[in-house]
Amino acid sequence: MMTLKGKMQINNIIEAKQSSQIHSAEEIKFFIENLNTFSQEEITQWLKAVKANGLTDKETSTLTLAMADSGEVIDWGNLEPTLDKHSTGGIGDKITLLFVPLIAACGINIPKLSGRSLGITGGTIDKLESIPGFRTNLSIDEIKEQVSKIGLAISGASINLAPADKKLYAIRDVTGTVDSIPLIASSIMSKKLACGASNIILDVKCGSGAFMKSLHDAKLLALEMVKIGKSNNKKVRAVISNMSEPLGYKIGNLLEIEEVLEVLSGKEVSDLVEITLCLAKEAITMIGGSESEEKLKDILLGGKALSKFKLMVKVQGGNLSTGFPKAKHIEVLKSNQDGYIQNIDALVLGEAVFELGAGRKTVLENIDHAVGIVLFKKHGDKVSKNEALLEIYSKSKEDADKAKDKILSGIVFGQNQPTKLKLIHEVIG
Ligand code: URA
């Protein structure tokens, strides 16, 4: 129940932020600890004041820790030093599924808690659930036991991680207050702090298919998250990577698992390999190790990471040998012109795959694991009129037909070969 004291304080807190005052740590902790006693209107007023007037680094760090502490905080105990990875999300972004077995094959413990897709952004848990039998609901004790034996686990979170963030995010989502760097940074980092690893590598995506569209905003977010982590005694580094075009050739849950297996079996898909190796190298040096890029590449493509991935799938009940469910309809989309591909818009392709049924609008919706897009051509490739550009995996011919114009609208052709896409913009931390 709301106390008179609580009521008075929330009003003071809202007014303080509305007039750009700096909150004390006590005020922020009070706000988060009593969140469930405030009305949605009160919380919205505070969020709007933060969006308008910002938070100092100290306020943001205190807010993040208070949100992390609103639920369980995992202690990995003798598994330390552990590494965690976070991607701000993108199209065809299957890097976690390459990075985790690579890191485990380097001898670093990686207990990875991942999420499901929301909107056009894919989720690692949905991708893994394309594998028949694969369990994504491990308890924390099961994850600990598995990581102590084989060095890696990827699971959904079975515990209530940062419930204050869940509540605030749900309100931000419907009140136009998602778009605020301190609120985004504290939201992401509260879950990372609750996940408990002592080392965190962040892949901050930037471009049309990313949350952060501009390099400027991606950099601000990366800087803020690194500062939050460091002020909470974590080692944190952020890589800002390009998400203006989809990653790899395959987009869609099951298709992305197929591509992960192809890369781990030696197929050098250049954008996936470059970003995975950069993240791994930065993570390993942050922890104090050193591994040459050549050695990492050999582990990634030469079979060691594949063995770790297959072991993880087996231990988590998955079966890679039964064959995957196929999409009901597969249709080739041919080019309507000659030229070099200048750009494949990640946002447009992400929306197309979402409309085919690969994503969900709310956390409760079901998804179709088999639908998606397989690109035959990428940035810089030469294409002739009527040459196959890509394949659409859909539930029906009608769905494929509906997707065609949209997909073509996202592909830009030109007469000259464009310069190579810059994949890594910057490393921070
Ligand atoms: N992802 C999060 O977890 N929180 C945000 O605020 C935005 C993206």
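Note that ligands are numbered from 1 as they come in the structure, with each ligand's atoms numbered from 1 the same way.
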*If you round to the nearest 0.5 Å, how far is CG of Leu35 from CD1 of Ile43?*
4.0 Å

*Measure the CG-NZ distance between Leu113 and Lys192 for me, rounded to the nearest 0.5 Å.*
7.5 Å

Would you list the atom pairs, donor with acceptor, under 3.5 Å between side chains in residues 237-249 and any protein atom, with sequence neighbours excluded?
residue	atom	partner	partner atom	Å
Arg237	NH1	Glu282	O	3.4
Arg237	NH1	Glu282	OE1	2.8
Arg237	NH1	Thr285	OG1	3.1
Ser241	OG	Asp203	OD1	2.7
Ser241	OG	Lys205	NZ	3.2
Asn242	OD1	Ser244	N	2.7
Asn242	OD1	Ser244	OG	2.7
Asn242	ND2	Lys422	O	2.8
Glu245	OE1	Ile344	N	3.3
Glu245	OE2	His379	ND1	2.7

*If you measure from CH2 on Trp46 to CD1 on Ile28, what distance do you get to the nearest 0.5 Å?*
6.5 Å

*Restricting to pairs with a member in residues 362-372, which pass salt bridge (Lys or Arg N to Asp or Glu O under 4.0 Å), not counting sequence neighbours?*
none

*asked:* List the protein residues in contact with ligand 1, where contact means a heavy-atom separation under 4.0 angstrom.
replied: Tyr169, Arg172, Ile184, Ser187, Ile188, Lys191, Phe211

*Pairs involving residues 87-100, ordered by first then second residue, that meet side-chain hydrogen bond (donor to acceptor under 3.5 Å, both in side chains) (sequence neighbours left out)*: Lys85-Thr96, Ser87-Asp93, Lys94-Glu259

